[in-house]
Asks: 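If you scroll down you'll find the structure; I have some questions about it.
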Amino acid sequence: MSKSLFSSLAKVASLALLLASLAAPALAQPINVLIFGDSLTSGFDLPEAQGFPAQLKHRLLSDGYDVVVWNGSNAGDTSADGYARINEALQYDPDLVLVEFGANDMLDHTDPRVTYRYLDAIIRICRARGARVILAGMLSLPKNGPNYIVGFNNIYPTLAHTHRVPLYPFMLAGVYGHPALMQSDNEHPNALGAAVMVAGIAPLIEANLRSIRVASPTRRGAPLLSRR
């Protein structure tokens with residue numbers, strides 16, 4: 001083989017390797033999942049590995065989903081607080097956002113129309129940025145009275161219908177009211193409670209991850225968890 005032919009073949013091989021290396025990241029992008037809410041989904045007062053974000057990440061990875069899970073939840077936040085920091089949270093370029101606010105609004109007895117407007121705005125902004133949204137619902141405590149209960153509880157199904165987004169009706173389903181699954185304050189899930197929350201909502205999240213894969217087959221990279 002002549003030196004010139006060998007040199008040409010080597011250049012072709014080098015070019016092929018370069019093109020392959022450039023193409024590889026486009027074929028291995030992870031699905032970015034943003035958990036955006038309050039203390040119920042932030043892992044409040046729990047070791048990181050036992051909180052909702054870490055347990056959700058573990059479940060998704062175990063089920064074969066390559067995801068980046070961003071913990072954008074902040075203890076004490078109302079829907080207004082969420083609206084105030086939504087643009088900051090979207091810096092992670094999420095493909096899927098779990099929107100979970102309202103418990104603190106309800107505890108503060110915020111007018112349900114106000115909570116509705118902020119959640120409506122959050123959903124609109126997420127979707128305008130190209131993210132798929134799952135809305136996590138909350139229910140009012142009985143002590144707030146029948147008029148407030150009806151107004152507050154209707155926020156979530158109305159928003160889900162208006163925006164045609166999936167609704168998980170009650171974020172604390174199967175957890176609230178069960179002392180063994182709650183922390184001593186009887187307001188926040190303990191590690192076992194977080195596991196029940198993950199088990200409840202994971203099928204809905206995974207159904208949406210499959211839809212994202214179908215719509216964008218390149219979203220399938222390596223897993224990672226980041227806490228804010």
Side-chain angles (χ1 to χ4, degrees), residues 25-44 46 48-75 77 79 82-83 85-102 119 122-138 156 159-160 163-173 189 193-228:
L27 296 174
Q29 297 182 51
I31 296 176
N32 285 325
V33 178
L34 172 64
I35 304 169
F36 189 56
D38 52 38
S39 58
L40 299 182
T41 53
S42 71
F44 176 78
L46 292 173
E48 182 174 347
Q50 296 179 13
F52 178 83
Q55 293 203 49
L56 177 63
K57 171 211 170 188
H58 179 75
R59 166 66 183 262
L60 297 179
L61 294 180
S62 297
D63 288 349
Y65 295 92
D66 296 327
V67 293
V68 178
V69 177
W70 300 98
N71 182 1
S73 293
N74 189 47
D77 271 10
S79 59
Y83 173 74
R85 61 186 184 84
I86 181 59
N87 288 317
E88 177 188 359
L90 289 175
Q91 68 180 299
Y92 301 111
D93 192 26
D95 301 290
L96 177 64
V97 182
L98 173 63
V99 175
E100 177 274 310
F101 290 100
L119 288 174
I122 290 171
I123 293 170
R124 290 181 186 277
I125 292 170
C126 289
R127 297 189 71 183
R129 293 282 289 272
R132 186 180 293 261
V133 172
I134 294 175
L135 180 61
M138 180 49 55
Y156 302 92
L159 282 170
H163 293 285
R164 299 184 182 277
V165 298
L167 171 66
Y168 188 69
F170 182 38
M171 193 64 214
L172 289 175
V196 172
M197 291 165 63
V198 167
I201 201 169
L204 180 58
I205 291 176
E206 292 180 353
N208 281 268
L209 293 178
R210 290 193 294 271
S211 295
I212 291 170
R213 278 181 167 176
V214 170
S216 180
T218 60
R219 309 300 288 182
R220 48 183 295 275
L224 176 67
L225 173 69
S226 178
R227 275 185 73 89
R228 281 173 56 76

Asks: Go through the steps for V33 and K57 under the test side chain to side chain contact (heavy atoms under 4.5 Å, CB included), then give the verdict.
Replies: CA-CA 9 Å; V33 178; K57 171 211 170 188; over 6 Å; no

Asks: So, the side chain of D95 versus the backbone of N32: is there a donor-acceptor pair under 3.5 Å, distance only?
Replies: yes

Asks: For G137 and L167, which heavy atoms make the closest approach, and how far apart are they?
Replies: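 Nearest heavy atoms, G137 then L167: N-CD1, 4.1 Å.
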
Asks: How far apart are the closest heavy atoms of Q55 and A49, and which atoms are they?
Replies: CG-O, 4.0 Å

Asks: Measure the spacing between CD of Q91 and CH2 of W70 and express it to the nearest 0.5 Å.
Replies: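 Those atoms lie 8.0 Å apart.
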
Asks: Can you tell me how the ring of F36 sits relative to the ring of F101, calling it parallel under 30°, perpendicular over 60° and tilted otherwise?
Replies: perpendicular

Asks: Is a donor from one side chain sitting under 3.5 angstrom from an acceptor on the other, for R210 and Y65?
Replies: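 Yes, a side-chain donor-acceptor pair sits under 3.5 Å.
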
Asks: Could you tell me if the side chain of V165 sits less than 4.5 Å from the side chain of R127, heavy atoms only?
Replies: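 Counting from C-beta outward, R127 and V165 do come under 4.5 Å.
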
Asks: In Å, rounded to the nearest 0.5 Å, how long is the span from CD1 of I205 to CG of N208?
Replies: 8.5 Å

Asks: If you count every heavy atom of other residues, nucleotides or ligands that lies below 6.0 Å from Y83 atom OH, does the total exceed 12?
Replies: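 Atom OH in Y83 is not crowded, with 12 or fewer foreign heavy atoms closer than 6.0 Å.
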
Asks: Kindly compute the distance separating CD1 (I201) from OH (Y168), expressed to the nearest 0.5 Å.
Replies: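 Taking CD1 in I201 and OH in Y168, the distance rounds to 6.0 Å.
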
Asks: Is the backbone N or O of A202 less than 3.5 Å from a side-chain atom of R59, with the two atoms forming a donor-acceptor pair by type?
Replies: no

Asks: Less than 4.5 Å apart, side chain to side chain, heavy atoms only: is that true for I134 and L96?
Replies: yes

Asks: CD1/I123 to CZ/R164 distance, rounded to the nearest 0.5 angstrom?
Replies: 14.0 Å

Asks: For residues V198 and L56, report the shortest heavy-atom separation together with the two atoms involved.
Replies: CG2-N, 3.7 Å

Asks: Side chains of I31 and D66, heavy atoms from C-beta outward: is any pair under 4.5 Å?
Replies: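 A side-chain contact under 4.5 Å is absent here.
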
Asks: Which heavy atom of L46 sits nearest to which heavy atom of P189, and what is that distance?
Replies: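 For L46 versus P189, the nearest heavy atoms are CD1-O, 3.7 Å.
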
Asks: Can you check whether V97 reaches I122 side chain to side chain, under 4.5 Å on heavy atoms?
Replies: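 No, side chains not in contact.
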
Asks: Can you name the nearest heavy-atom pair linking E48 to A54, along with the distance?
Replies: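 Closest approach of E48 to A54, heavy atoms only: O-CB, 3.1 Å.
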
Asks: Determine whether a donor-acceptor pair (N or O, by modelled atom type, separation under 3.5 Å) exists between the side chain of S42 and the backbone of S73.
Replies: no

Asks: Report, as yes or no, whether the 6.0 Å neighbourhood of atom NE2 on H58 holds more than 12 heavy atoms from other residues, nucleotides or ligands.
Replies: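 No - once you tally the heavy atoms of other residues, nucleotides and ligands closer than 6.0 Å, there are 12 at most.
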
Asks: Looking at side-chain heavy atoms only, is the closest gap between L40 and M138 below 4.5 Å?
Replies: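 When only atoms from C-beta onward are counted, M138 and L40 do touch, with a gap below 4.5 Å.
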
Asks: Does the side chain of F52 reach to within under 4.5 Å of the side chain of E100, using non-hydrogen atoms?
Replies: no

Asks: Between N74 and R85, is any pair of side-chain heavy atoms under 4.5 Å apart?
Replies: yes

Asks: Looking only at heavy atoms, what is the nearest atom pair of V69 and P53, with distance?
Replies: CG1-O, 4.1 Å

Asks: Do E206 side-chain atoms and L60 backbone N/O form a donor-acceptor pair below 3.5 Å?
Replies: no

